[in-house]
Participant: 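Pasting a structure here, questions to come.
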Amino acid sequence: MLIDGQPTRAIRVDADAVAIIDQTLLPHTFAWHRLRDEPDAAEAIQRMRVRGAPLIGATAAYGLALAARVDAGDAALAAAAERLAATRPTAVNLRWALQRVLARLRPLAPAQRAAAAWDEAAAICDEDVAQNQAIGRHGLELLRAIAARRPGQPVNVLTHCNAGWLATVDWGTALAPVYAAADAGIAVHVWVDETRPRNQGASLTAWELDRHGIAHHVIVDNAGGHLMQRGRVDVCIVGTDRVAANGDVANKIGTYLKALAAHDNGVPFYVAAPGPSIDFRLASGADIPIEERAADEVTHIVGLADDGVSTRVRLTPAASHAANPAFDVTPARLVTGFITERGVCAGGEAGLGGLYPERMR
Ligand code: MRU
């Protein structure tokens, strides 16, 4: 994507380190953050300086490359991969990327491993960009078809969380079709769920769309059902952190409620899913681990005060406990279809099997 006119990826190699955009500072501050070693990479993933399934995978791959520069022995690499894998449990891309780098390094002599790990991490990033561009091309045709049915009116897309370029290396998953449509001259308007508690929609998706000049409104998480009832949503497109073999979809908490509302109102509900986010080893979404995050993400909120100072305030009574499941699972029956790098398919096992026959169990 363009930042100040410059093509910019969400992760890049910067001299002898890796640089990421510190997403904890957005939307008010855009700053690069350097990862100099594997603990830096683990901290960035755990603290959500980087987030979004594909970007977590890319960062973990570079984390392992950074570890290999220190000690490329089998035991050290296995331990580093364990530490990185433990940072966040739900997005399968994290483990997928680590396994891929380890598999590349295993047959090599330790002296060759650091360079090879670096290459493999770069390849993961390049492939992510290509996959997301393909998702954009395929999703564009869905949006084009909607636009053709409603000439002169914008296509209203509802999305949840941030599955834009910040959640990936570039282009995004759910937002790739939106960017492709806008670039093709199709008028698009996006309803952006704020996505409590971390507000990835309000902070990140809104920032991205604004940078790209795409019309959007941020809405509270509970507004989507009402807008769908009133015919103000043409299509929902969300990302995913892990899809099970039966087509159940883990995504940011609150996605399931949007899928229910979409189903009740006859609004198509699409999941943009690159191949590495599909976990064919898991029979159903019941097997997907759901991350529980800290209670203070619910009890407190950070924002910019009117004097321009970033401020953290408490929302709840001091004595109230809070629970914070970070993801939910949308059953396959509520998913109209998947938008993947291989094309669009129907939701459910048969659809996925048609696109990825070689990966089915
Ligand atoms: O907790 P996060 O911000 O890392 O959440 C992951 C996500 O970005 C979303 O669930 C997204 O929709 C899927 S990743 C493209």
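Remember, it's 1-based here, ligands and their atoms both numbered in the order they're listed.
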Participant: Mind checking side-chain contact (heavy atoms from CB on, under 4.5 Å) for Asp306 and listing every partner two or more places apart, or none if nothing turns up?
Facilitator: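 Partners of Asp306 by the side-chain contact (heavy atoms from CB on, under 4.5 Å) criterion come out as none, since no residue qualifies.
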
Participant: With a cutoff of under 4.5 Å between side-chain heavy atoms, which Ile, Leu, Val, Met, Phe, Trp and Tyr residues group with Val309?
Facilitator: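 Its cluster partners, ordered by chain and number, are none at all.
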
Participant: Taking only residues two or more places apart in sequence, or in another chain, which ones meet Trp96 in a ring-ring contact (aromatic ring centres under 6.0 Å, His included)?
Facilitator: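 Residues passing ring-ring contact (aromatic ring centres under 6.0 Å, His included) with Trp96: none at all.
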
Participant: Would you check ligand 1 and list the protein residues that come within less than 4.0 Å of it by any heavy atom, ordered by chain and number?
Facilitator: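 For ligand 1, the residues that come within the 4.0 Å heavy-atom cutoff are Met48, Arg51, Gly52, Ala53, Pro54, Arg88, Cys161, Asn162, Ala163, Ala167, Thr173, Gln200, Gly239, Thr240, Asp241, Asn251, Lys252, Phe327.
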
Participant: Under the 3.5 angstrom rule, does the side chain of Arg314 hit a backbone N or O of Pro317 as a donor-acceptor pair?
Facilitator: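 Side chain of Arg314 to backbone of Pro317: a pair is present.
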
Participant: Please determine whether a side-chain nitrogen of the Lys or Arg among Arg359 and Glu349 lies less than 4.0 Å from a carboxylate oxygen of the Asp or Glu.
Facilitator: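 Salt bridge absent between Arg359 and Glu349.
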
Participant: Between His263 and Phe269 (judged by ring centroids, cut-off 6.0 Å), do the two rings come close enough to count as a pair?
Facilitator: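 So the answer is no for these two rings.
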
